[in-house]
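Remarks on the structure that follows.
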Amino acid sequence: MSVMVMEGRVCEDLTPRYYAICGIGGMLSAGTTHLAITPLDVLKVNMQVHPIKYYSISSCFSTLLREQGPAVLWKGWTGKFFGYGAQGGCRFGLYEYFKGIYSNVLVGQNKSFVFFLSSASAEVFANVALCPFEAIKVRVQAQPCYAKGLSDGFPKLYASEGTRGFYRGLIPLLGRNIPFSMVMFSTFEHSVDFLYRNMVKRKKEDCSIGQQLGVTCLAGYAAGSVGSFISNPADNIVSSLYNRKADSLALAIKNIGLANLFTRSLPIRMLLVGPSITLQWFFYDTIKILGGLPTSGEVTTDMKGGGRG
């Protein structure tokens with residue numbers, strides 16, 4: 001099946017099967033990549049929640065291993081796999097859905113506006129799905145005696161805080177992930193367009209699968225790196241709220257400090273997010289190819305030799 005973009009309007013062959021494959025691809029790609037980087041996430045969360053004790057990546061790594069053993073690096077893996085799988089399914093699948101709708105409704109609008117609006121709309125649903133899993137994951141990773149994982153973490157949190165406990169960090173989570181998603185998808189789309197026009201200099205459909213996936217990986221890394229910097233302040237706030245280091249958004253910002261919002265755990269977050277997003281796009285587009293769909297990203301500028309990508 002091919003998906004064509006003509007004069008800003010998406011053709012009507014965007015079927016339920018297309019969106020289903022995108023949703024499944026997003027779920028599998030996000031769940032597996034987040035599972036793989038659980039050890040780095042454990043370090044990041046502990047550095048955010050206990051910045052005095054864990055003042056560097058090396059000190060955090062050595063101290064956690066000495067005090068809790070190697071198993072600590074995989075704490076919260078169930079929350080990572082299932083939570084980010086649910087988020088990825090909504091993030092990628094609904095982005096494609098909303099992009100199809102907004103491209104048809106907002107004909108003639110700047111493409112960046114369509115990318116921003118589509119990703120923001122999808123991310124709202126994605127974060128509602130993620131939030132309960134994230135609430136357990138962060139507590140399990142930063143509080144050694146809290147719970148072993150989802151199975152005992154969910155009932156414990158519900159018993160102590162009720163439904164509100166699962167969504168305590170929803171607002172800062174949206175504040176972290178909506179800007180990240182908007183920047184990530186827009187950067188990816190524009191990077192794909194840039195790479196085909198200025199480096200590959202061929203229409204996408206004329207390139208081999210390997211070349212297309214190579215473009216996907218380069219664009220994915222650019223998207224993840226830029227997005228991680230934009231979303232770092234809200235990521236620090238999420239960890240602070242979930243671990244009761246502050247009872248309100250304003251108090252969390254005050255306790256962390258404005259400068260620290262941007263700099264605390266930023267190196268490890270960029271180390272974490274860049275490769276993770278690259279792998280997500282690679283797995284996502286691989287699944288799309290296996291499902292008979294084209295790789296992601298629009299190429300909207302005429303190539304030498306005529307035609308549109």
Side-chain angles (χ1 to χ4, degrees), residues 3 21-38 40-41 44 80-81 84-85 87-96 98-99 111-112 114-116 118-120 122-123 126 130 176-200 202 204-205 207-232 235 266-291 293-300 309:
V3 181
I21 292 175
C22 291
I24 293 171
M27 178 179 65
L28 294 176
S29 63
T32 53
T33 53
H34 276 279
L35 174 63
I37 60 174
T38 297
L40 287 174
D41 190 56
K44 175 184 72 75
K80 293 281 288 179
F81 180 72
Y84 284 90
Q87 182 202 39
C90 294
R91 171 182 280 176
F92 285 91
L94 290 177
Y95 171 75
E96 299 284 2
F98 284 119
K99 188 172 75 168
K111 296 301 294 185
S112 293
V114 174
F115 301 149
F116 286 153
S118 303
S119 55
E123 198 64 26
L130 168 66
R176 179 188 77 182
N177 289 338
I178 287 180
F180 172 82
S181 188
M182 292 170 68
V183 170
M184 190 268 287
F185 277 105
S186 181
T187 300
F188 178 85
E189 297 272 11
H190 287 299
S191 295
V192 168
D193 187 46
F194 174 84
L195 289 168
Y196 277 110
R197 285 191 293 111
N198 297 283
M199 296 182 67
V200 180
R202 295 167 62 192
K204 183 195 292 188
E205 57 266 31
C207 296
S208 67
I209 290 177
Q211 289 173 323
Q212 292 184 43
L213 290 177
V215 169
T216 293
C217 288
L218 288 173
Y221 188 81
S225 298
V226 175
S228 63
F229 177 78
I230 297 296
S231 60
N232 196 60
D235 190 56
L266 180 61
I268 193 170
R269 179 162 168 75
M270 296 189 73
L271 179 67
L272 184 76
V273 175
S276 172
I277 295 298
T278 304
L279 286 174
Q280 281 187 44
W281 278 109
F282 174 76
F283 290 146
Y284 176 62
D285 269 1
T286 299
I287 293 170
K288 287 177 70 176
I289 289 171
L290 293 174
L293 304 183
T295 54
S296 303
E298 295 181 13
V299 185
T300 57

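Just so it is clear, the values below take in all heavy atoms, side chains as well, and ignore hydrogens, waters and symmetry mates.
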Report task. Can you label the angle between the W281 ring and the F185 ring as parallel, tilted or perpendicular, going by 30° and 60°? Result ->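 W281 and F185: perpendicular rings.
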Report task. Take the angle between the ring planes of H190 and F115 and call it parallel below 30°, perpendicular above 60°, tilted in between. Result -> perpendicular
Query raised in the report: Just by modelled atom types, is the G297 backbone N or O under 3.5 Å from a matching donor or acceptor in the K204 side chain?
Result: yes
Quick check: closest heavy atoms across [X] and [Y], and the distance to 0.1 Å?
| X | Y | result |
| --- | --- | --- |
| D193 | E298 | CB-O, 3.6 Å |
| C90 | A126 | CB-CA, 3.6 Å |
| G25 | Y284 | C-CD1, 3.6 Å |
| F81 | G31 | CD1-O, 3.4 Å |
| A122 | Y95 | CB-N, 3.4 Å |
| K288 | P294 | CE-O, 3.2 Å |

Query raised in the report: Taking atom OH of Y221 as the centre, does the number of heavy atoms from other residues, nucleotides or ligands within less than 6.0 Å exceed 12?
Result: no
Between [X] and [Y], is any pair of side-chain heavy atoms under 4.5 Å apart?
| X | Y | answer |
| --- | --- | --- |
| V200 | C207 | yes |
| L213 | I289 | yes |
| M184 | Q280 | no |
| V215 | Y196 | yes |
| D285 | Q212 | no |
| V114 | F98 | no |
| I287 | F92 | no |

Query raised in the report: Is K111 paired with E189 through a side-chain N to carboxylate O contact shorter than 4.0 Å?
Result: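 Salt bridge absent between E189 and K111.
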**Report entry** From T38, T32, T33, residue fulfilling side-chain contact (heavy atoms from CB on, under 4.5 Å) relative to L35
**Finding:**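 Only one of T38, T32, T33 forms a side-chain contact (heavy atoms from CB on, under 4.5 Å) with L35, namely T38.
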Query raised in the report: Could you walk me through whether Y84 and D41 pass the side-chain contact (heavy atoms from CB on, under 4.5 Å) check?
Result: CA-CA 13 Å; Y84 284 90; D41 190 56; 5.8 Å; no
Query raised in the report: Just how far is it from atom NZ of K44 to atom CD1 of I37, taken to the nearest 0.5 Å?
Result: 9.0 Å
Report task. Kindly compute the distance separating OG1 (T187) from CZ (F180), expressed to the nearest 0.5 Å. Result -> 9.5 Å
Requested in this report: Evaluate the criterion side-chain contact (heavy atoms from CB on, under 4.5 Å) for residue pair L130 and N177; output intermediate values, then yes/no.
Outcome: CA-CA 11 Å; L130 168 66; N177 289 338; 3.9 Å; yes
